[in-house]
Amino acid sequence: MYPDFFATERVRLRALEPEDLEFLYRCENDAELRESGNTLVPVSRSLLRDYIDKSSAGLMDAGMMRLVICTPEDDRPIGAVDLYEYDPFHKRVSVGLFVVPEYRREGIAADALRLVTRYALEHLRLHQVVAYILKGNEPSRTLFESAGYEHTATLRQWMWHRGDYSDVLLYQLWKK
Ligand SMILES: CC(=O)SCCNC(=O)CCNC(=O)[C@H](O)C(C)(C)COP(=O)(O)OP(=O)(O)OC[C@H]1O[C@@H](n2cnc3c(N)ncnc32)[C@H](O)[C@@H]1OP(=O)(O)O
């Protein structure tokens with residue numbers, strides 16, 4: 001049987017819907033997520049509405065895609081996983097994800113990361129998936145290592161984080 005790339009018993013990954021606007025708005029303007037990302041200004045609802053409209057283009061056309069992480073029972077959005085920096089020549093893509101605090105430590109991110117990695121390598125037939133993790137982000141390091149990613153390089157002083165430049169660790173998982 002062909003694998004289901006978008007569901008486990010714990011999570012379902014689905015495309016963005018117009019109804020996700022308020023969830024996205026909350027997350028994009030969340031202080032914790034902002035500090036681990038590259039957002040410099042508050043994100044407006046109008047910008048996000050446009051983003052949702054265009055999100056159906058898919059990874060191959062848009063170079064990026066966001067999947068909403070949901071509870072399988074009621075489709076409630078509890079996180080998101082992004083594939084971005086898609087490179088069709090070198091056949092690689094970057095991955096990033098978050099889970100809302102109320103649903104953490106339940107294996108949600110572990111399932112979502114495994115699903116999206118498998119989707120990228122098996123269904124899209126990419127050669128590798130890459131992740132950039134702030135050096136101090138221990139939960140994420142363990143999460144990615146458990147999913148089979150290897151720490152292969154360190155980008156020194158790569159991101160401004162909490163008043164100082166922080167190293168960023170490059171994690172890679174490639175087809176062996
Ligand atoms: C490339 C990147 O995307 S890096 C940025 C990642 N995103 C963020 O840092 C945003 C804020 N943080 C979060 O959204 C969440 O804490 C995440 C995504 C890091 C983890 O989400 P969760 O759903 O809680 O992770 P999950 O429950 O699947 O944990 C998987 C494993 O990761 C590790 N882990 C997760 N959270 C923690 C923690 N707080 N402390 C230590 N280890 C942790 C553990 O090994 C865990 O397995 P275990 O519970 O069997 O010990």
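Whatever order the structure lists them in is the order used to number ligands and atoms, beginning at 1. The figures here come from the full heavy-atom set of this structure, side chains too, leaving out hydrogens, waters and symmetry mates.
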Review point. Has ligand 1 got any nitrogen or oxygen that is less than 3.5 angstrom from a nitrogen or oxygen of Ala110?
Key: yes

Review point. Would you call Arg14-Asp20 a salt bridge at under 4.0 Å N-O?
Key: yes

Check your understanding: Of the listed options (Leu134, Val168, Asp82, Leu97), which comes nearest to atom 8 (C) of ligand 1 when hydrogens are ignored and any heavy atom counts?
Key -> Leu97

Review point. Is there side-chain contact between Trp158 and Asp167, with at least one heavy-atom pair below 4.5 Å?
Key: no

Practice item. Return the orientation label for the Phe144 and Tyr149 ring planes: parallel under 30°, perpendicular over 60°, tilted otherwise. Key: perpendicular

Review point. Is there a heavy atom in Asp111 that sits closer than 4.0 Å to ligand 1?
Key: no

Check your understanding: Near Ala109, which atoms of ligand 1 are under 4.0 Å from a heavy atom of that residue?
Key -> 18 (C), 20 (C), 21 (O), 22 (P), 23 (O), 25 (O), 28 (O)

Revision key, fill the gap. Closest non-hydrogen contact found for Gly79 with Phe23 is N-CZ, 3.5 Å

Exercise for review: Look only at interatomic distance and state if Ala131 has a nitrogen or oxygen under 3.5 Å from any nitrogen or oxygen of ligand 1.
Suggested key: no

**Study point:** Phe144 contact mode with ligand 1 (heavy-atom cut-off under 4.0 Å)
**Key:** side chain

Practice item. Sequence neighbours left out, what passes salt bridge (Lys or Arg N to Asp or Glu O under 4.0 Å) with Arg162? Give chain and number order. Key: Glu35

Review point. Are Tyr165 and Arg156 linked by a side-chain donor-acceptor pair shorter than 3.5 Å?
Key: no

Revision key, fill the gap. A student checking ligand 1 against Glu106 at a 4.0 Å heavy-atom cut-off should list atoms 27 (O)

**Study point:** Contacting atoms of ligand 1, where contact means under 4.0 angstrom from a heavy atom of Ser140
**Key:** 4 (S), 5 (C), 6 (C), 9 (O), 19 (C)

Check your understanding: Does any N or O atom in Asn137 lie less than 3.5 angstrom from one in ligand 1, N or O only?
Key -> yes

Practice item. With Leu170 as reference, evaluate Val130, Thr154, Ile133 under the side chain to side chain contact (heavy atoms under 4.5 Å, CB included) test and give the passing residue. Key: Val130

Review point. So among Glu145, Glu150, His151, which one has a side chain to side chain donor-acceptor pair (under 3.5 Å) with Tyr171?
Key: Glu145

Check your understanding: Can you list the atoms of ligand 1 that are under 4.0 Å from a heavy atom of Thr142?
Key -> 33 (C), 45 (O)

Exercise for review: Output the list of atoms in ligand 1 that are nearer than 4.0 Å to some heavy atom of Val95, sorted by atom number.
Suggested key: 1 (C)

**Study point:** Min N/O separation Arg105 to ligand 1 under 3.5 Å
**Key:** yes

Review point. Quick one: which ligand 1 atoms are inside 4.0 Å of a heavy atom on Tyr132?
Key: 1 (C), 4 (S)

Tell me which donor-acceptor pairs under 3.5 Å the side chains of residues 106-113 have, and how far apart each pair is, sequence neighbours excluded?
unit_1, atom_1, unit_2, atom_2, d
Asp111, OD1, Arg10, NH2, 2.9
Asp111, OD2, Thr8, OG1, 2.6
Asp111, OD2, Arg10, NE, 3.2

Review point. Judging by distance only, is a nitrogen or oxygen of Gly107 under 3.5 angstrom from one on ligand 1?
Key: yes

Practice item. Can you sort out which atoms of ligand 1 are near Leu143, meaning under 4.0 Å from one of its heavy atoms? Key: 30 (C), 32 (O)

Practice item. Go through the steps to decide whether Tyr103 and Thr71 satisfy the test side-chain contact (heavy atoms from CB on, under 4.5 Å), and finish with yes or no. Key: CA-CA 10 Å; Tyr103 282 86; Thr71 52; 3.9 Å; yes

